[in-house]
Protein chains: 2
Amino acid sequence: EIVAAITSRLSQGPLVGKRVLVTSGPTHEPIDPVRYIANRSSGAQGTAVARALRALGAEVVFITGPAAVRPPEGVEVVPVETAQEMEAAVLAALPVDAAVFAAAVADWRVISPTDQKLKKSKGGVPDLKFAENPDILKRISNLEAGRPSLVVGFAAETNDVLENATAKRVRKGCDWILANDVSPATGIMGGDENAISLIRDVGAETWPRMKKDDVAARLAQKIAQALTDLDRSD
Amino acid sequence: EIVAAITSRLSQGPLVGKRVLVTSGPTHEPIDPVRYIANRSSGAQGTAVARALRALGAEVVFITGPAAVRPPEGVEVVPVETAQEMEAAVLAALPVDAAVFAAAVADWRVISPTDQKLKKSKGGVPDLKFAENPDILKRISNLEAGRPSLVVGFAAETNDVLENATAKRVRKGCDWILANDVSPATGIMGGDENAISLIRDVGAETWPRMKKDDVAARLAQKIAQALTDLDRSD
């Protein structure tokens, strides 16, 4: 009966027939076989978004770095480790109707990670050279063919949140940005709450601090509404 | 009845009355508020060693970085994040009869991690400067006053395992080194098995590949024997 209810809901939701991709979690960028650069993203917000989109009937491709939380049920899970692997997985998942980039992708990687563990030498410290990682959000936002109808990015900021995130939306060419303040004092990175500002072409709206699940549900509703509006305007 | 049996064993083991410290897990070295350098240590081997020492009756201080596995029951857990924090916790735990350094401590840290998240600039990649971290194993091995009777290190190698580990024992001044091959192909880092060579002043003995719990039990027995021998020679 419960299964029937769920199946019924999934075949009835406003996102039935829509294919959506969600990226989530951190990426890990190797330095050598044992060391890597990581970030404090738990994957909790991206996982909640994928679950909420699925609950509205969407077919969800969930591309996730090494996250601390389990992926949701009922989605196609594509595990990756590095930013370059994530980009390849995103391109392979197209076409989609909407794409939500919730992963905390490393901006740069170490050039030529070594095959052998770096040895500690007398007083020696490594001279790591970095290269910029692919900018997945910008690339997908600017696709000439096959751009998703709705591209949503996240901006994790520690200062001047609205200003930085508004500039990011324009710079990347995405439709919406969900901005949040990840200063350590907020407890958001790794916690179960989030304080979001949604930035669109019409401006910014700030949501009250709420559970990441509630952020996800609100975002999924807005995505469903936006895709419905786009269908009507076709 | 079971509790009584355990209590009885703990008050009877060969390490009753002995205080032992065990370090475990990776350390995380911050780059900025969201990024850090990590390593693939799960903390599984150190946790197993602490549990095995406890099972032989020792009072165990368990100093652990951010590990993937839970700390054992019945030990004093001291959670740390960076190598510098780990060193301070080790010094604070002295005096101990034996010390087992199973943590995968980062050899270096980023000088002056920033308070604000590093921004991605046009084509810009960071120019991170590194400093050597404290060498906890070497420092404790060379204490003039309060050196533990037995100091045991680990050597995670990806090549020339016995040669590198034998040199490491001399260079650090510790009594024993447990050397293992952490090449990705072995599956040891993050896995539940280990292939150990125990290196002492009398030479190296190579153990068959076995569960990390069995490595821990064998090591704990050898530590108990060594401390008993030392007591007799007093």
Side-chain angles (χ1 to χ4, degrees), chain A residues 26-41 66 68 104-111 114-133 135 137-138 155-161 164 167-168 171-172 181-186 188-190, chain B residues 26-41 66 68 81 104-111 114-133 135 138 155-161 164 167-168 171-172 181-186 188-190:
Chain A
T27 65
H28 287 179
E29 305 295 330
I31 296 172
D32 67 17
V34 297
R35 301 180 178 97
Y36 58 93
I37 295 178
N39 66 64
R40 298 186 196 283
S41 168
V105 180
D107 289 330
W108 16 266
R109 66 181 179 280
V110 177
I111 296 178
T114 56
D115 288 339
Q116 296 191 344
K117 189 180 169 193
L118 294 172
K119 300 301 292 182
K120 187 171 186 168
S121 53
K122 43 267 153 248
V125 293
D127 179 23
L128 298 184
K129 300 291 185 202
F130 296 94
E132 257 197 310
N133 266 330
D135 188 331
L137 174 61
K138 188 171 186 176
E157 305 286 345
T158 52
N159 55 297
D160 303 325
V161 175
N164 280 331
K168 179 172 181 176
R171 198 167 67 242
K172 302 297 186 186
D181 183 342
V182 295
S183 303
T186 65
I188 284 173
M189 207 100 174
Chain B
T27 66
H28 286 178
E29 305 296 330
I31 297 172
D32 68 16
V34 298
R35 301 181 178 96
Y36 58 93
I37 295 178
N39 66 63
R40 298 186 196 283
S41 167
E81 180 159 328
V105 180
D107 288 330
W108 17 266
R109 65 180 180 278
V110 178
I111 296 178
T114 57
D115 288 339
Q116 297 190 343
K117 189 181 168 194
L118 294 172
K119 301 300 292 183
K120 189 172 185 166
S121 54
K122 41 279 145 239
V125 295
D127 179 22
L128 298 184
K129 300 290 186 205
F130 296 95
E132 258 196 309
N133 267 330
D135 189 330
K138 188 171 186 175
E157 305 287 344
T158 52
N159 54 297
D160 302 326
V161 175
N164 281 331
K168 180 172 181 175
R171 197 167 66 243
K172 303 297 186 185
D181 184 341
V182 295
S183 304
T186 65
I188 284 173
M189 207 100 173

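Within every chain, numbering begins at 1; the chains are lettered A, B, ... in the order of the sequence lines, protein sequences first and strands thereafter. Hydrogens, waters and symmetry mates play no part in the numbers below; they use all other heavy atoms, side chains included.
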Rounded to the nearest 0.5 Å, how far does CG of A:N39 lie from OH of B:Y36? 7.0 Å
Sort B:A131 into side chain, backbone, both or neither according to what part of it lies under 4.5 angstrom from a heavy atom of chain A. backbone
Exercise: identify the closest heavy-atom pair between B:I31 and A:W108: CG2-CH2, 4.3 Å
Search all heavy atoms of A:P33 against all heavy atoms of B:R40 and return the closest pair with its distance. O-NE, 3.4 Å
